[in-house]
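Please read the structure below before turning to the comments.
In what follows, chains carry the letters A, B, and so on, assigned in the order in which the sequence lines appear, proteins first and then strands, with residues in each chain numbered from 1.
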Amino acid sequence: MKYKRIKGTRDILPEESWKWQYLEQFITKILEQNNYNLVRTPVFEMTDLFTRSIGEETDVVSKEMYSFTDKSGKNLTLRPELTAPVIRMYIQNNLNQISPVIKLFYIDSLFRQERPQKGRYRQFHQFGFEIIGTPHPESDAEVIQTMVAIYTKLGIRDLKVKLNSIGSRDSRNKYLETLQSALEQHKTKFCSTCQDRMEKNILRLFDCKSQSCQDLLDEFAPPIIDSLSVEDREHFTQVQNFLKISGVDFEVDKKLVRGLDYYTRTTFEITSSLLGAQDAICGGGRYDHLVEDLGGQPTPAVGVACGMERLMLILDQIDTIPARKNKLVYFAVLGENAREKAFEILCKIRNRGVTAEMDFMRRSLKSQMRNAGKKEAHLVAIIGDNEIEENRIILKNMKLGKQQEVTVENIINEILKQLNEVEV
RNA sequence: GUGGGUGUAGCUCAGUUUGGUAGAGCGCCUGGUUGUGGCCCAGGUGGUCGCGGGUUCAAGUCCCGUCACUCACCCCA
């Protein structure tokens with residue numbers, strides 16, 4: 001085989017594509033009810049946008065981006081995440097002038113060059129939403145509550161919301177110094193990647209999977225919560241308060257830090273035990289400095305992103321996506337004159353909003369009926385030259401196994417009538 | 001970048017230990033009296049056994065290499 005899919009990409013086949021459409025429409029509907037507005041941004045941006053926002057030392061930027069130089073010499077990158085492009089759009093189009101607080105959402109493809117595995121691809125999809133313009137804790141709570149509501153309405157029960165606060169930028173910088181000095185003397189006891197991270201991004205030590213490193217952290221690392229300012233703590237308390245009011249169950253995870261540098265104060269993650277190794281289905285948090293870091297006015301914001309492939313893995317397991325419901329009318333045709341008449345009726349009936357199809361293989365009636373059965377047609381119109389001469393068409397109801405003769409003039413109305421009849 | 005697993009028909013997989021003409025189920029196509037689906041029955045279509053080399057009279061099977069896919073680590077959604 002000469003041409004094959006690029007590693008880490010996927011073909012969505014007919015048997016699966018309708019599920020994606022269903023899911024996207026479902027998500028869109030709920031987010032619109034919450035008054036979020038859909039936006040789309042280009043698939044590529046200046047590389048700089050991502051290195052500045054996500055952070056140069058993060059894995060995403062340092063080793064996972066699809067970057068290239070275009071013919072004019074610009075450094076471009078296929079977006080590895082969507083918050084930075086959305087914020088760039090917000091700044092460039094002066095969306096702050098529309099209203100002080102703006103709520104946006106997106107459903108789009110992202111690209112990261114990682115080793116693919118279950119629930120993780122190189123081209124993958126996220127939907128996410130952002131509330132830009134307010135620092136207040138009810139917006140943090142709304143983001144989390146909205147995401148939980150989407151999952152719940154999709155029938156997902158097995159969720160865990162993990163919540164933490166890593167403080168404002170000032171208190172976090174102080175904490176990083178505290179952490180640094182507390183761990184300095186024990187540095188050699190940590191694993192090599194942790195030692196490396198102590199230099200570059202010490203907060204990420206909390207991500208380490210090694211039990212011995214975690215034990216060391218439990219013993220020697222001061223909790224981040226102790227370094228939070230009074231304002232930070234109040235904010236965190238209020239986020240929890242609003243979550244309780246909204247009825248969202250959560251647990252505080254003191255070690256939850258995130259891989260992107262721009263987060264401040266609230267960070268959270270929702271996991272599902274149905275996913276296995278890659279169990280985070282969405283992640284997000286507050287990013288109060290990103291807008292100004294990218295050149296806009298100082299503007300607080302909070303947002304979340306959900307991995308759609310992982311979401312689909314869960315939905316496949318709990319099997320909640322309803323089957324497609326379009327009723328098919330199949331035209332079984334015998335003979336030249338009949339074929340022309342059938343094609344004419346076929347076009348007319350489609351204009352009336354009916355899903356209809358006719359045989360294109362010129363096969364025997366038996367084969368056509370088999371085909372109609374296989375495609376789960378509700379009605380089959382049998383049109384032969386005999387019928388055309390006598391101005392009649394046989395209309396068979398496949399569920400009931402009954403058929404009747406209808407005149408050519410009445411066929412469209414009769415089909416519409418039978419399709420609208422309530423099933424028992 | 002590191003480690004494990006798997007590559008045989010459109011799909012799911014037997015066959016590899018012990019070398020001897022390429023298999024099953026599902027799917028697809030056709031038929032089971034004149035022009036009627038599902039169930040059943042019969043027939044048919046379909047494969048450079050991932051690719052390249054080696055050993056041998058003979059390789060899907062043994063040896064070497066290589067590629068691809070996949071799961072896990074790292075990281076992330």
**Prompt:** Are Glu344(A) and Lys341(A) within salt-bridge range, i.e. N to O under 4.0 Å?
**Reply:** yes

**Prompt:** Using atom C1' of each nucleotide, how far apart are rU48(B) and rG43(B) to the nearest Å?
**Reply:** 28 Å

**Message:** Among rA77(B), rG35(B), rC28(B), which nucleotide has an atom closest to any side-chain atom of Ile382(A)?
**Reply:** rG35(B)

**Asked** Any side-chain N or O of Ser367(A) under 4.0 Å from OP1/OP2 of rC29(B)?
**Response** no

**Item:** Any side-chain heavy-atom pair of Asn75(A) and Met46(A) under 4.5 Å
**Value:** no

**Prompt:** Less than 4.5 Å apart, any side-chain heavy atom of Asp140(A) and any of Phe268(A)?
**Reply:** no

**Sugar-phosphate, base or nothing in reach of Tyr121(A), heavy atoms under 4.0 Å** = base

**Request:** Just name whichever nucleotide pairs with rC69(B), Watson-Crick or G-U, keeping both distances under 3.5 Å, else none.
**Result:** rG5(B)

**Request:** Determine the contact category for Arg363(A): base if any of its heavy atoms lies under 4.0 Å from a base atom, sugar-phosphate if only primed atoms, P, OP1 or OP2 are that close, otherwise nothing.
**Result:** sugar-phosphate

**Prompt:** Within the structure shown, what part of the strands sits under 4.0 Å from Ala305(A) by heavy-atom distance: base, sugar-phosphate, or nothing?
**Reply:** sugar-phosphate

**Request:** Using salt bridge (charged side-chain N to carboxylate O under 4.0 Å, His left out) as the criterion, point out the one residue from Arg169(A), Arg88(A), Arg52(A) that pairs with Asp293(A).
**Result:** Arg169(A)

**Asked** Would you say the side chain of Gln117(A) and the base of rU70(B) hold a donor-acceptor pair, judged only by whether the two atoms sit under 3.5 Å apart?
**Response** no

**Message:** Could you tell me the Watson-Crick or G-U partner of rC62(B), where both distances fall under 3.5 Å? Say none if there is no partner.
**Reply:** rG54(B)

**Asked** Looking only at atom P, what distance separates rG7(B) and rC49(B), rounded to whole Å?
**Response** 15 Å

**Prompt:** Out of rG35(B), rC74(B), rC76(B), which nucleotide sits closest to the side chain of Leu334(A)?
**Reply:** rG35(B)

**Request:** Please state the C1' separation for the pair rG5(B) and rA42(B) - nearest whole angstrom.
**Result:** 42 Å

**Who pairs with rG43(B) - Watson-Crick or G-U, where each distance is under 3.5 Å** = rC29(B)

**Message:** For a quick check of understanding: with a heavy-atom distance under 4.0 Å over all strands, which category does Gly128(A) fall into, base, sugar-phosphate or nothing?
**Reply:** nothing

**Message:** Any base atoms under 4.0 Å from Cys282(A), or only sugar-phosphate, or nothing? Heavy atoms, all strands.
**Reply:** sugar-phosphate

**Item:** Pairwise C1' distance, rC40(B) and rG15(B) [rounded to whole Å]
**Value:** 30 Å

**Request:** For Glu309(A), report the nucleic acid contact type (base, sugar-phosphate, nothing); a contact means any heavy atom under 4.0 Å.
**Result:** nothing

**Prompt:** Is the NZ or CZ atom of Arg10(A) positioned over Tyr121(A)'s six-membered ring, under 6.0 angstrom from the centre and within 45° of the axis?
**Reply:** yes

**Fill in**
Ranking Gly284(A) and Lys63(A) by the position along RNA chain B of their nearest nucleotide, the one closer to 5' is Lys63(A)

**Request:** Considering only atom C1', compute the distance from rU6(B) to rC13(B) and round it to an integer number of Å.
**Result:** 12 Å

**Asked** Got a donor-acceptor pair under 3.5 Å from the side chain of Arg310(A) to the base of rC76(B)?
**Response** yes

**Message:** A side-chain contact here means heavy atoms from C-beta on lying under 4.5 Å apart; do Tyr36(A) and Ile131(A) qualify?
**Reply:** yes

**Message:** Check this one for me: any side-chain N or O of Lys4(A) less than 4.0 Å away from OP1 or OP2 of rC67(B)?
**Reply:** no

**Complete:** Quick note, Lys7(A) side chain, CB onward, closest among rC71(B), rA77(B), rC69(B) is rC69(B)

**Message:** What's Lys396(A) touching, base or sugar-phosphate or nothing? Going by heavy atoms closer than 4.0 Å.
**Reply:** base

**rG38(B) pairs with, by Watson-Crick or G-U criteria that keep both distances under 3.5 Å** = none

**Item:** Integer angstrom distance from the C1' of rC64(B) to that of rG27(B)
**Value:** 38 Å

**Message:** Can you check the distance between rG25(B) and rA68(B), where both ends of the measurement are the C1' atom (answer in whole Å)?
**Reply:** 27 Å

**Item:** Side chain Arg370(A) and base rG32(B) donor-acceptor under 3.5 Å
**Value:** yes

**Item:** Flag side-chain contact, heavy atom, 4.5 Å: Tyr66(A) against Arg122(A)
**Value:** yes

**Message:** For a quick check, tell me whether the side chain of Glu387(A) and the base of rG35(B) share a donor-acceptor pair closer than 3.5 Å.
**Reply:** yes

**Message:** Nearest to the side chain of Ile394(A), heavy atoms from C-beta on, is which of rU36(B), rA77(B), rC74(B)?
**Reply:** rU36(B)

**Prompt:** Per the atom types in the model, does the base of rU36(B) pair as donor or acceptor with the side chain of Lys366(A) at under 3.5 Å?
**Reply:** no

**Message:** Using only modelled atom types and a 3.5 angstrom limit, is any donor from either the side chain of Arg115(A) or the base of rU2(B) paired with an acceptor on the other?
**Reply:** yes

**Rounded distance in Å between the C1' positions of rC28(B) and rU33(B)** = 25 Å

